[in-house]
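Reviewing the structure listed below.
One-based numbering, in listed order, for ligands and for the atoms of each.
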Amino acid sequence: MAHIEEIANHEGRSVTLRGWLHKRRSSGKIHFLTVRDGTGFIQAVMSKAAVGEELFLQAGHLGQETAIVVQGKVRADARAPGGYELDVSEMSVAGETRDYPITPKEHGVDFLLDRRHLWIRSERQHAILRIRHTVIHAVRDFLNNQGFTLADTPIFTPAACEGTTTLFQVPYFDHATAFLTQSGQLYNEANAMALGRVYSFGPTFRAERSKTRRHLTEFWMVEPEMAYATLDDAIDLAESLITAVVARALETRGRELETLERERGSLEAIRAPFPRITYDEAVRMLQDHGRPIEYGDDFGGPDETFLAEQFDRPVAVHHYPSATKAFYMKPDPERPELSLSVDILAPEGYGEIVGGGQRLDDLDLLLRRITEHGLPQEAFEWYLDLRRYGNVPHSGFGMGIERLVAWICGLEHVRETIPYPRMLYRLTP
Ligand code: 4AD
Ligand code: MG
């Protein structure tokens, strides 16, 4: 048994591939069968002379996506997309297909999303999902190698983290209402006081009615949190994490990036240090270019795109006004109206990929903020304990996997970066 991604190891030998017929082209006495096995795509060349009349005839009638097992000899061919082809000696059908609904012709995106369970077999979607896998793997490797401990945070939670208006509610038996988590952060803070440097990595949920190319209602977020750490420490960590992930994608997913026709140069430019600008500087840049923004406003998507376009690598915008941010942001001691917060904006219009900062560690102020934000204090008692017992400065951030993958892959929309996207008007399949 061989896999297409490691076919080079079998050059000159006969192998068996178990997969599916991606497409077929025939010319007289030869069939060119593109076979996929989940690890890649390869052209299998079947000649009538090699397999005999009967099998040749059968192969000529195979429908797209028929499950087939092919045997053949691996031959290097510089012109082949993966550098190798298979000269078929045997083939059998493992599972028939007739009238596969997704044909090589153009389909509308709704048609494809309705058939997402099949669409993921296509070459582009395969490439994206493999890059997503590599991105997640690289994130975990990076944090594990830096001495972070993975500590999972709950998905059913009793209260809000990012703001009450964007929570999905779930009946919790007959005695309570649970909320699907928007962020593991508050629990990460507790975990950081127990384990020093931690991260959570899981699905998070936002009941936002946003219908943009950057928003999902269910997305995956990695959230590192560090005890004894400042805003700058968090920015440094995000910078080296992003740099490592992009480098890994370039190094190990060249084939997939090529399939996506992703321009590599702009990814190769992703090196530390990233530019770092304050919110004040960002507002000035926007105003100088005639954008209608008032000091104190939060940035809209087009503002973020404009800011990011000024740089060739991600830009860290820090010190946002406290009023634009969540209750847990620590104010800058020098300018208390500003928060020790940071957003990292990806180049090429992919928007905010990281949000985080230094956490508010003053118990009295934290109590005030919870009240000001209309949050129920009882639900936060456990969180307030962190400020009562062994309180230290701490910082962290959240990085959305889908936006990161969309940027690395160069995609129009985040909906293609996750196997089954959940959006305002899409809950199926
Ligand atoms: O900026 P956000 O809301 O930050 C937090 O949740 C913090 N509590 C994280 C922390 O400090 N531990 O979200 C963080 C990131 C964003 O930068 C973005 O990449 C992604 O999560 N994100 C989304 N991705 C897809 N769809 C959405 N609706 C997203 N909302 C946020
Ligand atoms: Mg944010």
Side-chain angles (χ1 to χ4, degrees), residues 132 135 139 143 148 151 153 157 159-168 179-192 197-226 229 231 233-235 237-238 241-242 245 279 298-301 303-304 308 314-318 320 324-330 339-346 350-360 383 394-408 411 413-418 421-424 426:
R132 175 189 173 94
V135 162
V139 164
L143 292 171
F148 282 74
T153 51
T157 61
C161 175
E162 289 304 305
T164 46
T165 54
T166 62
L167 288 167
F168 282 108
F179 302 101
L180 298 184
T181 186
Q182 305 159 297
S183 160
Q185 182 195 319
L186 305 187
Y187 295 95
N188 284 330
E189 290 183 48
N191 292 343
R197 284 178 299 163
V198 297
Y199 67 102
S200 60
F201 200 148
T204 45
F205 306 86
R206 303 276 167 105
E208 283 168 289
R209 297 191 166 269
S210 314
K211 206 168 168 276
T212 81
R213 60 197 196 86
R214 297 171 180 174
H215 287 87
L216 296 170
T217 54
E218 175 180 317
F219 65 98
W220 285 67
M221 180 153 60
V222 58
E223 297 182 83
E225 190 74 27
M226 303 176 282
L231 170 64
D233 295 329
I235 303 178
L237 180 72
L241 172 62
I242 293 167
V245 171
Y279 170 85
D298 204 354
F299 301 137
D303 299 319
E304 290 180 351
V315 54
V317 183
H318 54 92
Y320 285 79
T324 66
K325 291 289 180 189
F327 74 93
Y328 52 71
M329 295 285 187
K330 184 178 169 75
S339 59
L340 297 177
S341 55
V342 62
D343 280 0
I344 297 186
L345 312 178
Y350 285 92
E352 180 203 322
I353 49 172
V354 163
Q358 191 166 333
R359 316 310 186 185
L360 177 48
Y383 180 67
H394 59 289
S395 300
F397 60 84
M399 179 166 76
I401 293 302
E402 289 74 17
R403 289 192 191 168
L404 181 66
V405 172
W407 164 47
I408 291 176
L411 307 179
H413 198 295
V414 289
R415 65 188 164 213
E416 287 180 74
T417 62
I418 185 164
R422 296 290 175 248
M423 295 174 285
L424 183 50
R426 175 153 310 266

Q | Under the side chain to side chain contact (heavy atoms under 4.5 Å, CB included) test, residues paired with T166 that sit two or more places apart | A | Q182, R206, E208
Q: Check whether any side-chain heavy atom of V414 sits under 4.5 Å from a side-chain heavy atom of F219, and report yes or no.
A: no
Q: Select the closest option to atom 23 (C) of ligand 1 among Y199, Y187, F219, judged by heavy-atom distance.
A: F219
(Q) Regarding ligand 1, does E208 bring an N or O atom to under 3.5 Å of one of the ligand's N or O atoms? (A) yes
(Q) Determine whether the aromatic ring centres of residues Y383 and Y328 are separated by less than 6.0 angstrom. (A) no
**Q.** Shell of protein N/O/S atoms around the Mg ion (ligand 2), taken as anything under 2.8 Å
**A.** E352 OE2
Q: Please step through side-chain contact (heavy atoms from CB on, under 4.5 Å) for the pair M329 and L340, ending with a clear verdict.
A: CA-CA 6 Å; M329 295 285 187; L340 297 177; over 6 Å; no
Q) Heavy-atom contacts under 4.0 Å between Y328 and ligand 1: side chain, backbone, both, or neither? A) side chain
Q) Is any side-chain heavy atom of L237 closer than 4.5 Å to a side-chain heavy atom of F397? A) yes
Q | N-O pairing of E225 and R359 below 4.0 Å | A | yes
Q) Which atom names give the shortest non-hydrogen contact between I353 and L404, and what distance separates them? A) CG2-N, 4.0 Å
Q. Counting heavy atoms only, which of E402, M399, E352 comes nearest to atom 16 (C) of ligand 1?
A. E352
Q) Any idea which atoms of ligand 1 are less than 4.0 Å away from a heavy-atom of S183? A) 6 (O), 7 (C), 8 (N)
Q. Quick one: does H215 get an N or O within less than 3.5 Å of an N or O on ligand 1?
A. no
(Q) I need the minimum non-hydrogen distance between N188 and Y199, along with the two atoms involved. (A) OD1-C, 4.2 Å
(Q) Looking at every non-hydrogen atom in both residues, tell me the closest pair between P224 and V222 and how far apart they are. (A) CD-O, 3.7 Å
Q: With R197 as the cation and F148 as the aromatic partner, state whether NZ or CZ is under 6.0 Å from the six-membered ring centre and within 45° of the axis.
A: yes
Q) Has ligand 1 got any nitrogen or oxygen that is less than 3.5 angstrom from a nitrogen or oxygen of G356? A) no
Q: Determine whether any heavy atom of R214 lies closer than 4.0 Å to an atom of ligand 1.
A: yes
Q: Counting heavy atoms only, name the option from R206, Q182, E189 that's nearest to atom 6 (O) of ligand 1.
A: R206
Q) Has V354 got any heavy atom lying under 4.0 angstrom from an atom of ligand 1? A) yes
Q.
Closer than 4.0 Å to some heavy atom of G355 - which atoms of ligand 1 meet that?
A. 1 (O), 9 (C), 10 (C), 11 (O), 17 (O)
Q | Contact summary for A316 and I235, nearest pair of heavy atoms | A | CB-CG2, 4.0 Å
Q | Carboxylate-amine/guanidinium proximity below 4.0 Å for R213 and E416 | A | no
Q.
Under a 4.0 angstrom heavy-atom cut-off, which atoms of ligand 1 come close to M221?
A. 6 (O), 13 (O), 14 (C), 15 (C), 21 (O)
Q) Hey, is R359 touching ligand 1 through its side chain, its backbone, both or neither, going by heavy atoms under 4.0 Å? A) side chain
Q) With a 4.0 Å cut-off on heavy atoms, is E218 touching ligand 1? A) no
Q. Can you name the closest pair of heavy atoms from S395 and A229 and give their distance?
A. OG-O, 2.8 Å
